[in-house]
Student: 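My questions will all concern the structure given below.
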Amino acid sequence: MEYNFKEIEKKWQKRWLEQHTFSAKQDFTLPKFYGLVEFPYPSGAGLHVGHPRSYTAMDIIARRRRLQGYNVLFPIGWDAFGLPAENYAMANKVHPAPITHKNIDRFRSQLQMLGLSFDWQREINTTDPQYYRWTQWIFIQLFKHGLAYKKEMAVNFCTRCKVVLANEEVVNGVCERCHGPVIRKLQSQWMLAITKYAQRLIDDLDEVDYIDRVKTSQINWIGRSTGAEVRFSTTAGDQLTVYTTRPDTLFGATYMVIAPEHQLIERWKERITNLPKVREYQAMAARKSDFERTEIAKDKTGVELEGVRAINPVTGAEIPIFISDYVLASYGTGAIMAVPGHDTRDYEFAKVFGLPIVEVVAGGDIEKEAFTDISTGTMVNSGFLNGLTVEEAKKEIVKWLVQNGKGEPKVNFKLRDWVFSRQRYWGEPIPMVYCEKCGWVPLPEDQLPLVLPDLDQYEQTDTGESPLARLTDWVNTTCPCCGGPARRETDTMPQWAGSSWYYLRYMDPHNQQQLVSPEAVKYWGPVDWYNGGMEHTTLHLLYSRFWHKFLYDIGVVPTREPYQKRTSQGMILGEDGEKMSKSRGNVINPDEIVDTYGADTMRLYEMFIGDFEKTAPWSSSSIKGCKRFLERTFGLMDILCDGEDYSEDLAMEFHRTIKKVSEDIDAMGFNTAIAAMMALINRIYQKGSVNRAELRTFLLLLNPFAPHITEEMWEICAFGGEISGASWPAYDEALCRADTVEIAVQVNGRVRGRISVGEDTTQQQAIEMAMADPKVAAEVSGKTVVKQIYVKGKIVNIVVR
RNA sequence: GCCGCCAUGGCGAAACAGGCAAACGCAGCAGACUUAAAAUCUGCCUCCCUCGGGAUUGCCGGUUCAAGUCCGGCUGGCGGCACCA
């Protein structure tokens, strides 16, 4: 019989779809498993070979869990709002919806062609009004709880896309998508107060099982630092507050720097004697893109605010105040005390402007560079702090600041509030109305969804407003609060909105009354295992944890965390070892692979390619090995014989392989699980026959990896029902071990012979057997035995001198 | 610059918790089958060698009876953050 993968795969894919074989059961008394993969953005390019790496891995886990008797939820959907469809719409003067639907249809058929056991009855789409109705609902709850607010602020503006970007979308100072220059522009934006959750987003990582690099990245991104706020009096009669992590160096603060945007400048403008120069510097800083601002980081620039000086609270000295763009308005208080002796940036600035550098921590050489080591220094030139270590000095100075009303301890985070507005069409409309009398008013919840109206022009307006602003009939409305005239918000939500809660909707996707029913979320939540790309660690993963925590606070979900476990797959590179890209011409098309080798081979190969967490280059020849393995698997039916129990000479191999494959799937060691099955089939062919019990087990082990061929063989062999309804095979730990095992005998760490030992061989017996070996005896003779080591079942080592 | 990860045959990679380095696969070589090729099957496949052995997991050192694995120092690569006070 020939292995006709095309027919076999078509047949089973059709049957699975028709019979809803993999739909989650509504029985909430069964043990559950919720496996999740990141839903794709349905791009015009179609599926990438990277998608199946993540999807097949979770499919294998989901299929095994079903065989283990779990009620499995393994859903898929479409993160379908986003810029590419909108850009396409703009260029071709068509609505983004039809193109999006076309792309979704293509993606769906591509995923089905891979035999992924998704629950297609729970498919969701973020652009469906029945879905984004709840995205809007969550926004309104955030607003009602003071976590969504409008703020006039300097935002990142991409001059090419003409769109405001979140900090996270600016990469190396340029637009993440188009790489265009990004400048700072003042605009009124909806903001989400994620910073209020910063500490919890760090703390609760303790209760989830995320791979370490994900945890570390999140913690670094949130960027917690501890220090103090210190208030400096000024000669203008007011106060200048700074944030510092080194309050211990206060005696060494010889000048101050405030951000060019700092508000005190406006208050001091009458006193500043060189205001034109200050204005010029402010204008220059505003014009600069973030990229330029960081590019010239080495050359410190700035202007002294002449006419106002600050007073160092401990030394009483009057010190100058500068503005410089090396101080960021958005972090801390937007102002610093500069301690050039012990901060590299302050040191550079002081050198440029000829400012005094005072050593307050001894241990370095401040003639050469700033001394920033906090673990070895001793305080000097610091009055009551002299002689203390840095750590002691920090405690003492904070105590002093509090006692004298000059400051207090303070924790800061790098994490910023989330800029949530986009001046774009293809996103969820923000369900808010502005009334002169009542201010910002949310749409009543019974009026949701606020459906995205149709448009025929998708460019932003000349003033940079959302294209929706053109629809005056839609914009002009009545205030839900007072009934007076009001205007709708025309900005839409960012792409991250729909993906921040989609895992909840899968639990109850057709609920018309609620985002998710309490019963469904109690049963299915939290997601047991979420696999996805490292690139989503700091944005998507953090955003959705934030929304989940908020939903927890308002009683919608019963758990503090959305995802119990998070893992991440490595990237698949092109055959040349470079990242796949159209321009490099090294893109592998999954359709072609499936056409040539079949879905089972493709799945198997992507799992066999290497360590799941590491990047790996594609290899057109290696995939053939996986195809051969499946052909040999199909060929097992030619050497099939009767027998309802493992044959004696293969029993141990079977028990061992079941154990190995079971454990490896749970540890995502897919490559070694496949290797174990390959080794087993080699043994079977060596023996020359396989009995029914053996083939049955072999098919079950292989089923999660290669579902089509195993279903077909199961049916041909009439093992009963369908393999997807069978049970995962059990193994006996005792039968995994051989009665005797051959181990190496070393003399001084070098292998000189080998002996066969059993479970109860003693050290003395092992040494005796070892010494019986002529080579070992020869190495030992005439020398003094210093030590004899026998590690049970592992090794004998005789140390001689 | 800071933080994290990684380095093993010609290639992708294995190696449980410190115990025979290179499982499994690709490529290659030899043989069988074939008129021939493909496919398939069998065997070989880290390097050196005086055929007894010796060397070998990026480099240098350490701990240990024993190190790919643990510790210290370097080199190279990948990822993240990046004037965050």
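Just so you know, these numbers use all the heavy atoms, side chains as well, and skip hydrogens, waters and symmetry mates. Numbered from 1 within each chain, the chains take letters A, B, ... in sequence-line order.
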Student: Only stems of 3 or more consecutive Watson-Crick or G-U pairs count here, both distances under 3.5 Å; name the ones for RNA chain B, or none.
Tutor: B:1-7 with B:75-81, B:10-12 with B:24-26, B:28-32 with B:40-44, B:46-48 with B:53-55, B:58-62 with B:70-74
Student: Which comes earlier along RNA chain B counting from the 5' end, the contact point of A:Ile609 or that of A:Val799, where each point is its nearest nucleotide?
Tutor: A:Ile609
Student: Over all strands shown, is A:Ser225 touching base, sugar-phosphate only, or nothing at heavy-atom distances under 4.0 angstrom?
Tutor: sugar-phosphate
Student: Considering only atom P, compute the distance from B:C5 to B:C44 and round it to an integer number of Å.
Tutor: 41 Å
Student: From C-beta outward on A:Arg752, which listed nucleotide comes closest to its side chain: B:A85, B:G54, B:C26?
Tutor: B:G54
Student: Using a 4.0 Å heavy-atom cut-off, does A:Arg750 contact any base of the nucleic acid, only the sugar-phosphate backbone, or nothing at all?
Tutor: sugar-phosphate
Student: What does the B/S/- profile of nucleotides 5-11 of chain B look like, 5' to 3', with a 4.0 Å heavy-atom cutoff to protein?
Tutor: -------
Student: State, without any angle test, whether A:Glu575 and A:Ser620 hold a side-chain donor-acceptor pair at a distance under 3.5 Å.
Tutor: yes
Student: Does A:Lys794 make a side-chain donor-acceptor contact with the base of B:C20, cut-off 3.5 Å?
Tutor: no
Student: Counting any heavy atom closer than 4.0 Å, what does A:Thr615 reach on the DNA or RNA strands: base, sugar-phosphate only, or nothing?
Tutor: sugar-phosphate
Student: Heavy atoms only: give me the nearest A:Val741-A:Gly793 pair and the separation to one decimal.
Tutor: CG1-CA, 4.2 Å
Student: Considering non-hydrogen atoms only, spot the tightest contact between A:Lys614 and A:Arg53 and give its length.
Tutor: O-NH1, 3.0 Å
Student: Does the ring centre of A:Phe349 sit less than 6.0 Å away from the ring centre of A:Tyr326?
Tutor: yes
Student: Tell me if the aromatic rings of A:Tyr731 and A:Phe654 count as close, with their centers under 6.0 Å from one another.
Tutor: no
Student: Which nucleotide in the set B:A27, B:A23, B:C65 lies at the smallest distance from any side-chain heavy atom of A:Ala675?
Tutor: B:A23
Student: Select one nucleotide: of B:C65, B:A27, B:G4, the one nearest the side-chain heavy atoms of A:Thr216.
Tutor: B:G4
Student: Taking only side-chain N and O atoms of A:Asn220, does any of them lie within less than 4.0 angstrom of OP1 or OP2 on B:G4?
Tutor: no
Student: For residues A:Thr633 and A:Tyr3, is any side-chain donor paired with an opposing acceptor at under 3.5 Å?
Tutor: no
Student: Specify the closest pair of heavy atoms between A:Asn586 and A:Met580, including all atoms of both residues, with the distance to one decimal.
Tutor: OD1-CA, 3.3 Å
Student: Could you check whether A:Arg632 makes a cation-pi contact with A:Tyr685, meaning its NZ or CZ is under 6.0 Å from the centre of the six-membered ring and within 45° of the ring axis?
Tutor: yes
Student: Using a 4.0 Å heavy-atom cut-off, does A:Arg801 contact any base of the nucleic acid, only the sugar-phosphate backbone, or nothing at all?
Tutor: nothing
Student: What's the closest nucleotide to the A:Phe608 side chain, out of B:A85, B:G12, B:G53?
Tutor: B:G12
Student: Looking at A:Asn682, I'd like to know whether one of its side-chain N or O atoms comes within less than 4.0 Å of OP1 or OP2 on B:G25.
Tutor: yes
Student: For A:Met678 and A:Tyr243, take the nucleotide of RNA chain B holding the closest heavy atom to each; which residue's nucleotide lies nearer the 5' end?
Tutor: A:Met678
Student: Heavy atoms only: give me the nearest A:Met602-A:Pro52 pair and the separation to one decimal.
Tutor: CE-CG, 3.9 Å
Student: Figure out the CG/C1' separation between A:Leu328 and B:A82, and round it to whole Å.
Tutor: 11 Å
